[in-house]
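First the structure, in the form of structure tokens, and then the observations on it.
This one's a predicted model, so the numbers in the text were calculated from it and none came from an experiment.
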Amino acid sequence: ARDVGAAHGFFSLESDACLGLGDLAMQEGRPEEGVELLRNALAAANLSESNESAYILNALRRLIAALFVTNAIDELEPLVPRFEEAAKMESREIGCLSCDELRCFYFRARLLQVPCTPPRCQ
């Protein structure tokens with residue numbers, strides 16, 4: 001799916017494929033490969049043929065989580081405000097506070113090394 005998406009300009013398909021492969025690599029203990037695939041997912045989401053912010057938001061959420069695992073704080077810092085903006089846009093689109101806006105507080109707290117638990121929302 002990743003190759004088809006990349007070859008034919010279906011960037012949402014490429015993003016979804018990279019997200020799945022990146023998550024799998026992270027779960028299997030290959031964080032370098034996982035983070036690289038998640039970076040590719042975000043790059044493809046930014047080029048998506050769809051105007052839905054969900055692709056970018058999903059890619060950002062998963063890349064940020066992976067970067068926390070690898071302790072790549074320098075790369076994380078600029079992504080958290082970007083995630084916040086995407087989460088606010090999603091809330092405006094759906095007309096209420098999104099779970100991802102709550103995750104913004106969690107990500108900020110983790111950057112500041114404040115002990116916290118992730119929000120329990122779907």
Side-chain angles (χ1 to χ4, degrees):
R2 178 183 178 197
D3 294 338
V4 170
H8 299 286
F10 298 119
F11 296 108
S12 58
L13 179 63
E14 181 183 1
S15 179
D16 283 343
C18 287
L19 285 173
L21 292 169
D23 286 345
L24 183 63
M26 293 299 292
Q27 290 171 8
E28 291 179 347
R30 300 185 326 264
E32 296 84 14
E33 180 183 351
V35 167
E36 188 58 36
L37 284 161
L38 294 169
R39 284 184 190 121
N40 289 344
L42 179 58
N46 286 322
L47 298 171
S48 174
E49 65 280 1
S50 170
N51 288 332
E52 292 182 37
S53 61
Y55 285 106
I56 294 172
L57 194 57
N58 194 23
L60 278 167
R61 180 187 325 107
R62 289 154 83 175
L63 177 58
I64 288 169
L67 291 171
F68 273 121
V69 169
T70 61
N71 204 28
I73 301 303
D74 289 342
E75 187 174 353
L76 265 167
E77 286 179 338
L79 292 178
V80 171
R82 191 167 166 207
F83 180 81
E84 290 171 341
E85 286 302 313
K88 287 176 187 176
M89 186 174 5
E90 180 189 45
S91 289
R92 283 192 297 273
E93 288 171 5
I94 63 174
C96 63
L97 183 68
S98 74
C99 183
D100 283 315
E101 271 201 89
L102 295 174
R103 279 191 185 93
C104 295
F105 296 110
Y106 172 68
F107 289 152
R108 283 280 178 195
R110 288 206 52 200
L111 275 176
L112 297 171
Q113 298 181 345
V114 175
C116 57
T117 57
R120 294 185 182 142
C121 51
Q122 306 276 330

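In this structure, Ser98 and Ser91 approach most closely via the heavy-atom pair N-OG, 2.9 Å. Contact record, Cys18 with Asn40: SG-CB, 3.9 Å, taken as the closest heavy-atom pair. Leu19 approaches Ala59 most closely through the heavy-atom pair CD2-CA, 3.8 Å.
For Glu75, the salt bridge (charged side-chain N to carboxylate O under 4.0 Å, His left out) partners at least two apart in sequence or on another chain are Arg39. Scored by the salt bridge (charged side-chain N to carboxylate O under 4.0 Å, His left out) test, Glu90 finds no partners at all (sequence neighbours excluded). For the side chain to side chain contact (heavy atoms under 4.5 Å, CB included) test, no residue two or more places apart in sequence or in another chain qualifies with Phe105. In this view, Pro118 and Tyr106 satisfy the side chain to side chain contact (heavy atoms under 4.5 Å, CB included) rule, not counting sequence neighbours. Every residue two or more places apart in sequence or in another chain was checked for a side chain to side chain contact (heavy atoms under 4.5 Å, CB included) with Ala65, and none qualifies. Residues meeting the salt bridge (charged side-chain N to carboxylate O under 4.0 Å, His left out) test with Glu28, sequence neighbours left out: Arg30. Contacts of Ala43 classified as side chain to side chain contact (heavy atoms under 4.5 Å, CB included), with partners at least two apart in sequence or in another chain: none.
Side-chain contact check for Lys88 versus Arg92: some heavy-atom pair is nearer than 4.5 Å. At a threshold of 4.5 Å between non-hydrogen side-chain atoms, the residues Arg82 and Leu42 count as touching. Contact of the Leu76 side chain with the Leu63 side chain is not registered, since no non-hydrogen atoms from C-beta on lie closer than 4.5 Å. Within the 4.5 Å cutoff, the side chain of Tyr55 has no heavy atoms near those of the Asn46 side chain.
Evaluation of the ring pair (Phe, Tyr, Trp, His ring centres under 6.0 Å) test over residues 79-102, restricted to residues two or more places apart or in two chains, returns Phe83-Phe107. Screening residues 59-71 for side chain to side chain donor-acceptor pair (under 3.5 Å), with sequence neighbours left out, gives Asp23-Arg62, Asn58-Arg61, Asn58-Arg62, Arg61-Asp100. Within the structure, ring pair (Phe, Tyr, Trp, His ring centres under 6.0 Å) contacts touching residues 85-104 (residues at least two apart or in different chains) do not occur.
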| request: Check the pair Arg103, Ile64 against side-chain contact (heavy atoms from CB on, under 4.5 Å), reporting the backbone distance first and the verdict last. | output: CA-CA 11 Å; Arg103 279 191 185 93; Ile64 288 169; over 6 Å; no
| Steps toward side-chain contact (heavy atoms from CB on, under 4.5 Å) verdict (Glu84, Arg108) | CA-CA 10 Å; Glu84 290 171 341; Arg108 283 280 178 195; 2.8 Å; yes
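Linking ILVMFWY side-chain heavy atoms closer than 4.5 Å, directly or via other members, places Met89 and Ile56 in two distinct hydrophobic clusters. Leu24 and Leu37 fall into different hydrophobic clusters, where Ile, Leu, Val, Met, Phe, Trp and Tyr residues are linked whenever their side-chain heavy atoms come under 4.5 Å apart, directly or through other members.
Through direct or relayed side-chain contacts under 4.5 Å between Ile, Leu, Val, Met, Phe, Trp and Tyr, Leu102 connects to Leu97. Using a 4.5 Å cut-off between side-chain heavy atoms of Ile, Leu, Val, Met, Phe, Trp and Tyr, Leu112 falls into a hydrophobic cluster with Val114.
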